[in-house]
Undergrad: 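Sharing a structure with you now.
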Amino acid sequence: MTEDARATTVLLVGAMMVRLALSGAYAKYIRTGMGDVLLIAGILLVVLGLIGVARSLGFGRRTGDAHGHDHGDRAGWLLLGPVLALLLVTPPALGSFGVGRSAAVAVSSSGRTFDSLPAGRTVPMTLLEFDERAADHGGASFGATPVRLTGFVTPASDRTGFRIARYQIACCAADAVAAVVRVTGTTGRSPIRDQWVTVTGTFQRAADGVPELRATSLTEVPAPRDPYE
């Protein structure tokens, strides 16, 4: 790869990072608290790329020689294609397609014993907490208290109701694992795949051990800015 191709690649990668950081789209791939770091790194790459492009233009472009180096140079420029694609089009966040193909959060209380939920009000919680409470003494801490969950729709493998899921990430989308809850008791057609919903209902035990929510209300909602828990 020629010097100007390398410099242009660095410039475009930096520009992509800056765009993701400023638009907030980076939250689809990494934790929201890392936006400032991404922006700083992107700016540094843009500066380095501009310096490299300026230096390359100052020295002039080299043409191919009799040994065929021009073919290698052209191949180097082809590497800019994927970078340009990412700069122009932002891929979506992880969705239902990966739920059955990635690791799932093991249904375990992680050694915790949960206090009973307060009666008389609806309690919002993450899907991960719902799964952990369900594993703690058979979900005894839920009682009859309704809870509110938000996640994206993924079809149920057993055709009973549908499932909602939400990914947990430690650093970035590459290490994501999904927490999944089956939703039953809804009327009418189930929401379409990957539609984000907020579901209110009560916990009920399932024979197969899958954490289950008996819904009393369901609302379709826009995808949250931070799709991960």
Side-chain angles (χ1 to χ4, degrees), residues 1-105 126-128 150-152 154 165-179 193-196 221-229:
M1 182 185 291
T2 60
E3 181 180 352
D4 48 352
R6 287 194 296 268
T8 304
T9 301
V10 172
L11 175 61
L12 291 178
V13 170
M16 177 184 65
M17 294 169 64
V18 170
R19 184 177 74 86
L20 291 175
L22 293 179
S23 66
Y26 76 92
K28 296 178 180 179
Y29 318 112
I30 61 176
R31 285 205 167 275
T32 53
M34 301 174 69
D36 291 342
V37 176
L38 184 69
L39 178 60
I40 293 171
I43 292 173
L44 290 175
L45 287 179
V46 168
V47 172
L48 289 174
L50 288 173
I51 293 173
V53 170
R55 181 179 299 171
S56 177
L57 292 175
F59 287 133
R61 295 183 180 275
R62 293 181 297 175
T63 59
D65 55 27
H67 298 287
H69 294 303
D70 55 334
H71 296 292
D73 294 346
R74 287 198 296 269
W77 283 105
L78 291 177
L79 296 177
L80 296 179
V83 180
L84 281 172
L86 291 174
L87 182 62
L88 299 174
V89 180
T90 302
L94 296 174
S96 62
F97 180 80
V99 171
R101 294 166 177 79
S102 64
V105 174
T126 65
L127 270 67
L128 177 60
T150 298
F152 59 85
T154 179
R166 198 157 181 176
Y167 286 96
Q168 324 289 320
I169 63 173
C171 173
C172 61
D175 59 33
V177 292
R193 188 174 190 150
D194 286 315
Q195 171 65 52
W196 282 82
V221 297
R225 179 177 178 273
D226 183 0
Y228 307 113
E229 291 184 337

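We count residues from 1, following the sequence as given. These numbers come from a predicted model, not from an experiment.
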Undergrad: If we ignore hydrogens and angles and just use 3.5 Å, is the side chain of Arg166 paired with the main-chain N or O of Pro227 as donor and acceptor?
TA: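 Yes, because the side chain of Arg166 sits within donor-acceptor range (under 3.5 Å) of the backbone of Pro227.
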Undergrad: Tell me every residue that passes side chain to side chain contact (heavy atoms under 4.5 Å, CB included) with Ile40, counting only those two or more places apart in sequence or in another chain.
TA: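 Here the qualifying residues are Leu44.
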Undergrad: Search all heavy atoms of Met17 against all heavy atoms of Ala41 and return the closest pair with its distance.
TA: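 Scanning both residues completely, I find the closest heavy atoms to be CE-CB, 3.6 Å.
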Undergrad: So Val46 and Leu11, do their side chains get closer than 4.5 Å, heavy atoms only?
TA: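 In contact.
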Undergrad: Who passes side chain to side chain donor-acceptor pair (under 3.5 Å) against Glu229, sequence neighbours left out?
TA: Gln168
Undergrad: If the condition is side chain to side chain contact (heavy atoms under 4.5 Å, CB included), which residues does Ala27 pass it with, not counting sequence neighbours?
TA: Thr32
Undergrad: Among all residues two or more places apart in sequence or in another chain, which pass the side chain to side chain donor-acceptor pair (under 3.5 Å) test with Asp194?
TA: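 Result, side chain to side chain donor-acceptor pair (under 3.5 Å) vs Asp194: Ser96.
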Undergrad: Ignoring hydrogens, what is the shortest heavy-atom contact between Trp196 and Pro222? Give both atom names and the distance.
TA: CB-O, 4.1 Å
Undergrad: Can you tell me how far the CD1 atom of Ile30 sits from the CG atom of Leu38, to the nearest 0.5 Å?
TA: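 Result: 4.5 Å between the selected atoms.
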Undergrad: How long is the gap from CZ on Phe152 to CD on Gln195, to the nearest 0.5 Å?
TA: 12.0 Å
Undergrad: What's the shortest heavy-atom distance between Met34 and Tyr26, and which atoms?
TA: C-CE1, 4.3 Å
Undergrad: Does some side-chain heavy atom of Tyr228 sit less than 4.5 Å from a side-chain heavy atom of Leu94?
TA: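 Yes; the side chains approach each other to less than 4.5 Å.
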Undergrad: What are the two closest non-hydrogen atoms of Tyr167 and Ala176, and how far apart are they?
TA: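 Answer, listing the atom of Tyr167 first, then Ala176: CD2-CB, 3.7 Å.
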Undergrad: How far apart are the closest heavy atoms of Ala21 and Gly35, and which atoms are they?
TA: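 That closest heavy-atom pairing would be CB-O, 3.9 Å.
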